Structure formats: C-alpha cells, structure tokens
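The next block holds one structure in the form of structure tokens; read it before the comments.
Values below: all heavy atoms of this structure, side chains included; hydrogens, waters and symmetry mates excluded. Computed from a prediction, not measured in an experiment: that's the story for all the values here. Counting starts at 1 for both ligands and their atoms, following the listed order.
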Amino acid sequence: MGVPTKKSRSAAVKKPNALRTVASKRAAQSYKFDAVAETMPREEIAKLQLRRLKTSVKNAFDNVPFHRRRMKAQGFEPGDLKRLEDLAHLPFTLKTDLRDHYPFGLFARPQSEIMRLHASSGTTGKPTVVGYTGQDIANWAALMARSLACAGARPGNIVHNAYGYGLFTGGLGAHYGAERLGATVVPMSGGSTERQIVLITDFGARVLCATPSYALAMAEVAEKEGVDLRKSKLEIGVFGAEPWSEAMRREIEARLGLKAVDIYGLSEIMGPGVACECEEAQAGLHGWEDHFLFEVIDPDTGNAVKEGEAGELVITTLTKEALPMVRYRTRDITRLSTERCVCGRTHVRIKRITGRNDDMLIIRGVNVYPSQIESVLVGLPDVAPHYLLVVERQGVLDHLTIEVEMMPNVVPTKEMRTVVAESVRHHVKSIIGVTADVTVKEPGEIPRSMGKAVRVRDLRPKLA
Ligand code: DLL
C-alpha cells in the first residue's frame, strides 16, 4: 500500500457524508502490521487468551516465589484456571510489590537470561526495575510496530523519535518498534528543541513520537523561530506517556499540522505499545488482547465494573517471560469498550486515561511520587521535613516548584538559602530526573495539616 501524502489525507478527511460508508469499508481494509491478530474474531481472542493465560500464570507460579506463595495462600494452583473468569480469584499485584522485591525479585528468569533492564519511578527513592528476555524484546518491538502502524506510520517512513532514551521505556520502545515496522528512525531523545526542529524539517520526518506536552513545546519554539511546522512533511504524531485532553489534541493538530494519535503503556507491563489509537477513528486505544488481559475494577471494592463504566485499569500479561504480571493495578482511570471500530480491528478499546487514583504526578512525562522527593529532602542537612510541591502549567509545559523549609534552629542567610535551593534542585534532578525550582520558606511558613499532609498543589488545568 502506498504512503498517503499530506494532500491525499486531507482530501480524505473532507469526503462528503455519502461517501463515509465507502471510506469506512476502505479503512477496515487499511494497512495493518499484523492483520490476522488485529482482526481476530472476539471469540478467537478469548480462546487464545485462555491458552496463553494458563502458560503465563504457570510461569509466575513455577518461577516467582512471591506469586506462588500468594496463589497457594488462596488455595489456587495453575491447573484450577479453567475459564478466563477464574482470574478474578487471583490477588492483585501492586507497584509496592515490585519495590518490596527490588531489584529482580519478581523476575521469572535468571539474570543471565535477561537481555535488557528498564526502570521507572518507584513510590520511594528506589526505582521500579523491569526486565526482558530476548523474546520479550522481540514481542515488544512487534507490538510497538503494530501500534505505530495503527497510528498511521508506514514502512519506509522517517520516524523522528523524541521520547527519552535510557531507563525510560519510551525512547527504546518506540525505536525498536519503528525499526521492526521497516521505518527509518531518527533517535533524537528529548531536549535540544531547536535542533529537533531543524532535523524534522531537513530529514523530512512523516511521524513524530513525543510526549504531547513536548510536541506542543516544539510547536512553540518553531513558531518563535519563524518555522512553520505545518509546512513540514509531518503527518502523524504518536503521543503518550502522560495524560492529555481532546482540547490538547486539537491544539497540537492545528499547530503542527498533523494527526495526533494517543499511545499508552507502562513499564511494569512492557512499555509503550500496550494500546494505541487507530488513525481512522482516533477514539480510544486498541488494547492488544493477544498479549494482555484488561479488566476495569472499582478501586475501592476491587470488583469488576460493567463495560463502559469508569474504574481502574488492571492488566495481566499473557506472553511476558521475564516479568509475568498477574492482575497488575495500574492506578490509571479509564473505561473499556468492545464496540466495533471502523478500522476493522477487533481488540477492545481503552478510552482516554483521565487520571490516576494514587498520588503519582506526571511532570513533563516523568513519573514523580511526593514520597520520592521526601526521601531526597530528608537526606539533606539543614532541610526540615516539611515541603509542598506546586505544579503549574507554564505556557505548554508543566512546571514544578518545591517549597522547603530550613530546620528551625538554623537562621538562614541569603547565601545559605541559595546553597540549599541549589542542593535540593540538583539532588531532585539527579535522583528523580525532574527539573524543579526550589523556594526556601521561613520555618513554619509551609501550611501544616491536621490530618493527612497535603503535599501537592496541582494547579494545572483539569483534563477536558
Ligand atoms: O510512560 C510508557 C510510555 C512511553 C507510554 C511512551 C506511551 C509513550 P511509565 O514511565 O512506566 O511508562 O509510565 C506509565 O504513564 O501508568 C500512565 O499513568 C501514564 N501514561 C502512559 N501513557 C499514557 C497516555 C510510560 N497515553 C504511566 N495517557 C501510566 C495517559 C499515560 N497517561
């Protein structure tokens, strides 16, 4: 199939109503990286899921003492798994379980069989570490290629990858996926925005991978420099790793002149490519059910909610070798829909993630827990254990200010304040990876709470 040009795509968008059916039929036959898997009838998906679930639960039971102990405590053996519904008898896995078994305690394979490690923020100073076998990496690359194709990328395209490379799964996840798709990758990572804009223009990327906030920041810098990215070859943006809204989608589309598509994932489950919107509908992310089992639960009771009702997304991996996850509570709030999609894909749609039900903040795509900042502060001399995190949106980007106090017995000079502020800033940047301004307040100035401490003032506009 030929690569659609900017002109032909916008012509397709303007098609009159009478031609919509024809258009949607064509969409159903549109390019798919893995057509057989992506359009499998739902009964077939369920059969495949049950088969793979049995293997995955057995992998967890046989090779991870933590899972075996908990299953046994419920009187459950892998052989008891007869129907998909039986999964509901198994306990949830939490982010703290990964922390408690830091670094490799939940791995189902010896370290010698682990091909790669990634890590994301944990709830304390220690990161959450995830591992992959060679097969896990191959599956991830294929699912990410499937996701990119679903978003509208095609073999032969130039993919400008501005997700951060390193321990974060975004950079390498998108990189391997784009290569697997047969695209040409520009491995930019984040930062050096002016340079990114020059290279997008000079190399002629058709696809941009970035967090949505960074995409907007690029638009802003380009506009300041008098570069009109709407005239570039960019046509598709694959944006995720943080919550964003429909209003933000419209703004990015207008300012970059591309189609903005939502992609979802989390390191504990794999990384980016767990689910992705299709370019045809842009209405919810197809969750790849041949590799993952999705549930939505009431976060208070742990019971399943009805299809279409909002709740917390829980994911079980079906093919992961190194780190099988049983009923992982993502803390992400969303809804599921099995309604047919115009693109012809049969996999469930995960509606836009509207928020989280824990205190994790996502600041410019970086996951931050208040408790992590606290661990940094308590390790620094002269700094009192009282703090407030103020998160604002400055222009298009998130901005974090950490308000701290000095110990009451210290009478701070102006110089001391500067030194303390710089020290906090430096430690937070090097340990957590997030850039913050630091304000040193007078002792007692940060409001004390009567009950649960209020550590965060999130002043960012609510999602539409
Ligand atoms: O953010 C993986 C990723 C990279 C996804 C690039 C998409 C693109 P973590 O750093 O482990 O992994 O953070 C996972 O980020 O539980 C959500 O709270 C949030 N998140 C990820 N994608 C979206 C999205 C990567 N499309 C956490 N919308 C998740 C809203 C998202 N939130």
Under 4.0 Å, heavy atoms only, figure out whether ligand 1 is touched by the backbone of [X], its side chain, both or neither.
{"X": "Leu266", "answer": "both"}
{"X": "Thr211", "answer": "neither"}
{"X": "Ile362", "answer": "side chain"}
{"X": "Glu242", "answer": "backbone"}

Which of the numbered atoms in ligand 1 are below 4.0 angstrom from a heavy atom of [X]?
{"X": "Gly170", "answer": "4 (C), 6 (C)"}
{"X": "Thr169", "answer": "2 (C), 12 (O)"}
{"X": "Phe168", "answer": "1 (O), 4 (C), 10 (O), 25 (C)"}
{"X": "Asn367", "answer": "9 (P), 10 (O), 11 (O), 13 (O)"}

Residues in side-chain contact (heavy atoms from CB on, under 4.5 Å) with Val366, at least two apart?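 Counting only residues at least two positions away or on another chain, Val366 forms a side-chain contact (heavy atoms from CB on, under 4.5 Å) with Val368, Val434.
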
With distance as the sole test, does [X] use its side chain to make a donor-acceptor pair with the main-chain N or O of [Y] at under 3.5 Å?
{"X": "Tyr163", "Y": "His175", "value": "no"}
{"X": "Lys320", "Y": "Asp136", "value": "no"}
{"X": "Ser56", "Y": "Thr317", "value": "yes"}

Can you name the nearest heavy-atom pair linking Phe107 to Val129, along with the distance?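 Closest approach of Phe107 to Val129: CE1-O, 4.0 Å.
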
I want to know if ligand 1 touches [X] in the polar sense, i.e. an N/O pair below 3.5 angstrom.
{"X": "Ser267", "result": "yes"}
{"X": "Met360", "result": "no"}
{"X": "Thr330", "result": "no"}
{"X": "Ile263", "result": "yes"}

What protein heavy atom lies closest to atom 7 (C) of ligand 1? Include the residue and the distance to one decimal.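 The closest one turns out to be Ala241 N, 3.3 Å.
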
Side-chain heavy atoms of His399 within contact of Thr401, under 4.5 Å: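 Yes - at least one pair of side-chain heavy atoms lies under 4.5 Å apart.
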
Just wondering, more than 12 heavy atoms not from Glu194 lying within 6.0 Å of its CD?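 Above 12, so yes.
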
Using the test ring-ring contact (aromatic ring centres under 6.0 Å, His included), find all partners of Phe203 that sit at least two apart in sequence or belong to another chain.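 Listed in chain order: nothing, the list is empty.
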
Determine whether the aromatic ring centres of residues His101 and Phe66 are separated by less than 6.0 angstrom.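 Yes, the ring centres sit under 6.0 Å apart.
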
